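Here is the structure we will look at, set down as structure tokens.
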Amino acid sequence: MLIVSYDITNDKLRTQFSSFLSKFGYRLQYSVFKIKNSDRVLNNITAEIKGVFSKKFSETDSVIVFSMSKQCKVYSYGYARNEEKDLILVS
């Protein structure tokens with residue numbers, strides 16, 4: 001799993017970046033995405049960040065990509081706790 005966290009001051013660039021990340025995973029919090037990891041996905045994301053987005057970042061913008069192993073433990077509370085469970089509706 002990849003966790004991508006970002007802090008981008010420019011509204012238009014931040015929207016473009018979040019749209020880009022939504023192609024690979026889903027939003028956990030406003031500026032945090034969870035993405036299923038593979039070498040290909042990690043390479044695509046980092047190449048796009050380096051090649052396209054980093055040129056547009058201001059000095060205060062930041063992006064952090066966490067590559068999590070299967071041994072990492074994730075503790076979720078509140079609404080996030082329910083994101084990991086399957087939901088079955090019977091009508």
Side-chain angles (χ1 to χ4, degrees):
M1 161 178 52
L2 297 174
I3 301 293
V4 181
S5 175
Y6 58 92
D7 188 7
I8 300 172
T9 55
N10 180 288
D11 291 339
K12 184 177 178 181
L13 182 59
R14 185 174 54 251
T15 300
Q16 290 172 350
F17 191 72
S18 66
S19 294
F20 164 70
L21 290 178
S22 67
K23 296 177 192 175
F24 298 97
Y26 66 94
R27 189 184 303 271
L28 288 177
Q29 293 185 347
Y30 187 72
S31 60
V32 180
F33 275 77
K34 179 180 178 180
I35 299 168
K36 288 191 177 185
N37 189 11
S38 72
D39 289 338
R40 183 182 61 81
V41 169
L42 179 59
N43 290 338
N44 287 343
I45 290 172
T46 56
E48 189 81 8
I49 292 171
K50 289 177 188 175
V52 176
F53 289 103
S54 66
K55 296 172 185 174
K56 300 175 183 179
F57 290 156
S58 72
E59 290 182 14
T60 60
D61 294 341
S62 65
V63 175
I64 302 172
V65 178
F66 299 92
S67 181
M68 313 294 282
S69 70
K70 290 182 180 183
Q71 291 77 23
C72 290
K73 294 188 186 237
V74 176
Y75 301 95
S76 300
Y77 303 95
Y79 178 75
R81 173 181 58 203
N82 298 317
E83 299 257 335
E84 296 298 321
K85 298 177 183 176
D86 290 333
L87 177 64
I88 300 173
L89 296 176
V90 179
S91 58

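Scope of the values below: all heavy atoms of this structure, side chains included, with no hydrogens, waters or symmetry mates. Just so we're clear, the structure is a prediction, and the values are computed from it rather than from any experiment.
- How far OG of S38 is from CG of N44: 8.0 Å, rounded to the nearest 0.5 Å.
- The closest side-chain heavy-atom distance from V65 to I35 is not below 4.5 Å.
- Under a 3.5 Å cut-off, the side chain of K55 and the backbone N or O of G51 do form a donor-acceptor pair.
- In this structure, K36 and V41 approach most closely via the heavy-atom pair O-CG1, 3.9 Å.
- For the pair S18/F33, a side-chain contact is recorded, criterion being any heavy-atom separation below 4.5 Å from C-beta on.
- The CZ atom of R27 sits 10.5 Å away from the CD atom of Q29 when rounded to the nearest 0.5 Å.
- Evaluation of the side-chain hydrogen bond (donor to acceptor under 3.5 Å, both in side chains) rule for S67 yields N37 as partners, not counting sequence neighbours.
- Residue L21 comes nearest to V4 through the heavy atom pair CD1-CG1, 3.7 Å, listed as atom of the first residue, atom of the second, then distance.
- Checked against side-chain hydrogen bond (donor to acceptor under 3.5 Å, both in side chains), D39 has no partners two or more places apart in sequence or in another chain.
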_Verdict with supporting geometry, K34 and L2, side chain to side chain contact (heavy atoms under 4.5 Å, CB included)_ = CA-CA 6 Å; K34 179 180 178 180; L2 297 174; over 6 Å; no
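- The two residues I49 and F57 make their nearest non-hydrogen contact at CG2-CE1, 4.5 Å.
- In this structure, D61 contributes its side chain and S58 its backbone to a donor-acceptor pair below 3.5 Å.
- Looking only at side-chain heavy atoms (C-beta outward), I45 and F24 come within less than 4.5 Å of each other.
- Here OG1 of T9 is found 7.5 Å from CZ of R14. Values are rounded to the nearest 0.5 Å.
- No single ILVMFWY cluster, assembled from side-chain heavy atoms under 4.5 Å apart, contains both I8 and I3.
- Cluster annotation: M1 and Y26 are assigned to the same hydrophobic cluster (Ile/Leu/Val/Met/Phe/Trp/Tyr, side-chain heavy-atom contacts under 4.5 Å, transitive).
- Residues Y30 and V63 are members of separate hydrophobic clusters, defined by side-chain heavy-atom contacts under 4.5 angstrom among Ile, Leu, Val, Met, Phe, Trp and Tyr.
- Residues L13 and K56 come closest through the heavy atom pair CD2-O, 3.5 Å.
- Residues meeting the ring-ring contact (aromatic ring centres under 6.0 Å, His included) test with Y6, sequence neighbours left out: F17.
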